[in-house]
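Take a look at the structure set out below.
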Number of protein chains: 2
Amino acid sequence: MTDTAQGTSRRYGTRPTMKDVAARAGVGLKTVSRVVNGEPGVTPDTERRVQEAITALGFRRNDSARILRKGRTASIGLVLEDLADPFYGPLSRAVEEVARDHGALLINGSSAEDPDREQELVLALCARRVDGLVVIPAGDDHRYLEPEIAAGIATVFVDRPAGRIDADVVLSDSFGGAQEAVAHLIAHGHRRIGFIGDQPRIHTAKERLRGYRTAMAAAGLPVDESWVTLGSTAPEHVRAAATAMLDGPEPVTALFAGNNRVTVTAVRVLRERPRPVALVGFDDFELADLVRPAITVVAQDAARLGRTAAGLLFRRLDGIDEPPRRVEIPTRLIARGSGEIRP
Amino acid sequence: MTDTAQGTSRRYGTRPTMKDVAARAGVGLKTVSRVVNGEPGVTPDTERRVQEAITALGFRRNDSARILRKGRTASIGLVLEDLADPFYGPLSRAVEEVARDHGALLINGSSAEDPDREQELVLALCARRVDGLVVIPAGDDHRYLEPEIAAGIATVFVDRPAGRIDADVVLSDSFGGAQEAVAHLIAHGHRRIGFIGDQPRIHTAKERLRGYRTAMAAAGLPVDESWVTLGSTAPEHVRAAATAMLDGPEPVTALFAGNNRVTVTAVRVLRERPRPVALVGFDDFELADLVRPAITVVAQDAARLGRTAAGLLFRRLDGIDEPPRRVEIPTRLIARGSGEIRP
DNA sequence: TAGCCCCTGGACAACGTTGTCAACTGCGGG
DNA sequence: CCCGCAGTTGACAACGTTGTCCAGGGGCTA
């Protein structure tokens with residue numbers, strides 16, 4: 001009755017299977033399966049015996065086998081740039097939360113903004129047969145995904161559109177947000193405004209630049225090309241760019257920072273300057289209101305991006321078949337002071 | 001020659017298997033397996049034929065089946081409190097990076113500081129047969145993991161120790177860090193110092209409180225119990241606690257904040273006060289140096305915690321068998337100004 | 001009491017892959 | 001000319017689970 005360790009040689013690292021449980025409970029294999037899955041058709045007494053055997057042996061269903069048999073993995077993959085970036089943490093969490101509501105686990109990976117690594121990760125996830133993918137693309141050619149999508153792996157892109165394939169995508173309104181930011185600076189009297197953005201191959205960087213140019217043009221302001229820098233967002237690079245704009249022959253009186261990493265470095269640079277320079281940053285961040293001057297930003301709702309994307313994904317997984325959608329999430333200008341400095 | 005779509009009825013959502021590839025290439029199943037896995041013993045000509053079939057059919061190996069057969073999943077699980085918390089993002093990223101170096105994928109889940117949810121997640125990961133687990137525990141009883149560990153799932157705890165089982169653990173030196181923080185405030189002339197920490201069931205909260213009390217006692221200072229609050233770190237709660245300490249009968253002249261969320265709210269509260277109040281926070285955060293006064297903190301190295309834990313995990317997975325270890329990562333006091341305000 | 005149905009339980013195949021082992025080829029040496 | 005050998009290749013079982021289908025037994029009705 002209490003013979004927990006009995007004849008069945010349980011080597012370390014070897015798990016009991018349903019067969020073992022069945023043998024111990026003196027029932028058939030399928031009966032154990034029924035109990036484990038809560039299927040009907042088992043008498044209370046049999047069920048109890050099976051439960052006892054499960055507990056005694058420490059049995060846990062092997063989901064790998066289950067997945068193989070059923071064809072669905074109840075897991076989705078998320079590929080983003082860097083989990084350590086404060087913009088992606090909330091996004092990832094939101095995706096996870098939606099996945100959880102649908103009983104799915106989340107496997108995620110960071111591409112480090114490297115297209116090859118993105119592809120490697122995505123294909124590894126496909127080999128695992130995740131049910132769906134949420135991808136923040138690093139590359140700009142996703143034709144490699146075509147066979148996977150055709151084979152039924154639902155895919156939603158977030159933050160940036162897919163390259164060369166037609167797929168669902170959820171974006172922030174980078175263009176509109178940038179336009180609004182720059183218009184805000186113009187409204188406060190600025191005429192020479194600098195823009196420091198991410199690498200030009202990144203969609204959001206291009207869109208924000210376009211917003212900047214459109215706003216400038218709409219106000220009839222010329223743009224000196226020394227006021228625009230796209231490239232690495234590494235601190236030293238941003239620092240050099242900002243310094244050049246501020247000390248150039250046509251010094252800017254305001255800066256528009258293309259993302260949160262740029263903004264942070266810009267704040268540091270401006271802090272060292274004798275005269276105040278106006279600044280608006282794309283992306284909100286914690287404590288933006290506590291820095292002096294408080295930082296005016298164009299806020300994107302990362303969690304909402306993630307929720308929306310995951311929602312779209314599970315719609316697909318639930319079998320809703322419709323042409324690829326493009327959802328745009330509005331941004332919001334939060335005026336806090338740094339953008340209201342007059343030239 | 002170009003008959004991509006031929007007799008084999010490929011329904012949407014059905015993937016080709018090695019059998020299909022074998023049939024198309026006119027070879028045996030095992031030969032396909034050999035090619036896919038780069039095993040030797042296949043003539044270049046045969047290999048080419050198989051490769052062509054693979055490309056034509058869009059075949060991708062089903063890792064679920066592979067996992068079932070091989071027993072190893074090449075994936076590890078990470079259970080933490082909240083991926084959106086800026087402390088855990090870098091930790092998660094560090095674990096991911098180590099996993100990647102070992103060819104493993106990372107599945108992660110947020111427990112939301114709920115013990116039941118932690119257990120649910122952990123067991124789901126075990127059912128997936130992850131090779132190992134990195135857990136930031138929310139609960140304080142992990143005996144439920146015993147059968148899993150006995151069955152060979154390596155487990156490492158981070159940030160907080162496991163409850164009621166003996167397992168590897170990687171911790172920050174919360175006690176020492178807190179002691180140092182409070183001593184720092186005392187050295188700057190403070191006698192009445194408040195402490196606002198996380199819920200008392202959380203190990204780090206207890207340790208930091210212990211450090212606080214030890215430092216006070218070492219300086220021969222009494223602690224009025226109205227100066228100590230442990231509990232939710234929700235902003236309104238922290239705000240109320242701080243206000244009470246600052247306006248009480250024995251008003252504190254300095255605050256020690258038990259984690260990053262508390263610190264942020266404390267900064268906001270102190271900002272509204274007419275007289276400066278000293279503040280030291282546990283956990284560093286971006287922009288801590290840009291707020292005025294810049295925030296003095298006890299910095300923990302989240303990435304190093306993650307790297308160390310993952311390193312330990314893979315040592316276990318590589319078969320190194322030794323008694324459970326307890327690794328403590330030192331903290332570092334970064335004086336920036338807010339802790340140097342005199343009473 | 002025969003006949004029938006329902007309820008429970010089990011035998012068996014299948015999911016897609018990999019490990020084992022044997023068969024086949026062509027070649028060189030005795 | 002035959003034997004053995006090395007190098008390829010494929011047939012088959014197994015991994016642990018679930019779906020299908022059938023068998024046995026008990027209770028009910030005619």
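Here is how names work: the chains are called A, B, and so on, in the same order as the sequence lines, proteins then strands, and each is numbered from 1.
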With sequence neighbours excluded, residues passing side-chain contact (heavy atoms from CB on, under 4.5 Å) with [X]:
X	result
A:R34	A:K30, A:T31, A:E39, A:V42
A:D82	A:A84, A:D85, B:R93
A:A99	A:I76, A:A104, A:F314
B:R60	A:L123, A:C126, A:A127, A:R129, A:E148, B:R15

Checking all strands, does [X] fall into the base, sugar-phosphate, or nothing category for heavy-atom contacts under 4.0 angstrom?
X	answer
B:D63	nothing
A:R34	base
A:K70	sugar-phosphate
B:V36	nothing

When A:D168, A:V169, A:V156 are each screened for side-chain contact (heavy atoms from CB on, under 4.5 Å) with A:R325, the one that passes is A:D168
The complete set of salt bridge (Lys or Arg N to Asp or Glu O under 4.0 Å) pairs with one or both residues in residues 304-315 of chain A, sequence neighbours excluded, reads A:R315-A:E322
Between [atom2] on [N] and [atom1] on [X], what's the gap in Å once rounded to a whole number?
X	N	atom1	atom2	value
A:N62	D:dT18	CG	C1'	13 Å
B:N37	C:dT17	CG	C1'	9 Å
B:E47	D:dG10	CD	P	14 Å
B:K30	D:dA11	NZ	C1'	12 Å
B:I67	C:dT18	CD1	P	11 Å

Sorted by chain and residue number, the side chain to side chain donor-acceptor pair (under 3.5 Å) partners of B:R72 (sequence neighbours excluded) come out as none
Residues passing the side chain to side chain donor-acceptor pair (under 3.5 Å) test with B:T73, sequence neighbours excluded, are B:S75, B:D131
Contacts satisfying ring pair (Phe, Tyr, Trp, His ring centres under 6.0 Å) that involve residues 36-70 of chain B (not counting sequence neighbours) are none
Residues pairing under ring pair (Phe, Tyr, Trp, His ring centres under 6.0 Å) where one sits in residues 15-55 of chain A, two or more places apart or in two chains, turn out to be none
Query raised in the report: Given side chains that start at C-beta, do those of B:L78 and B:I107 come closer than 4.5 Å, heavy atoms only?
Result: no
Is there any protein nitrogen or oxygen under 3.5 Å from a nitrogen or oxygen in nucleotides 13-15 of chain D, and what are the pairs?
residue : atom : partner : partner atom : Å
D:dA14  : N3   : B:R69   : NH1          : 3.2

Double-helix bend of the helix from C:dT1-D:dA30 to C:dG30-D:dC1, axes at both ends from 5 pairs, round to 10°, gives 60°
Given C:dG16, is OP1 or OP2 found less than 4.0 Å from the side-chain N or O atoms of B:R15? no
Look at the side-chain N and O atoms of B:T31 and state whether any lies under 4.0 Å from the OP1 or OP2 oxygen of D:dT9. no
Per the under-4.0 Å heavy-atom filter, residues of residues 38-46 of chain B near DNA chain D come out as B:G41, B:V42, B:T43, B:T46
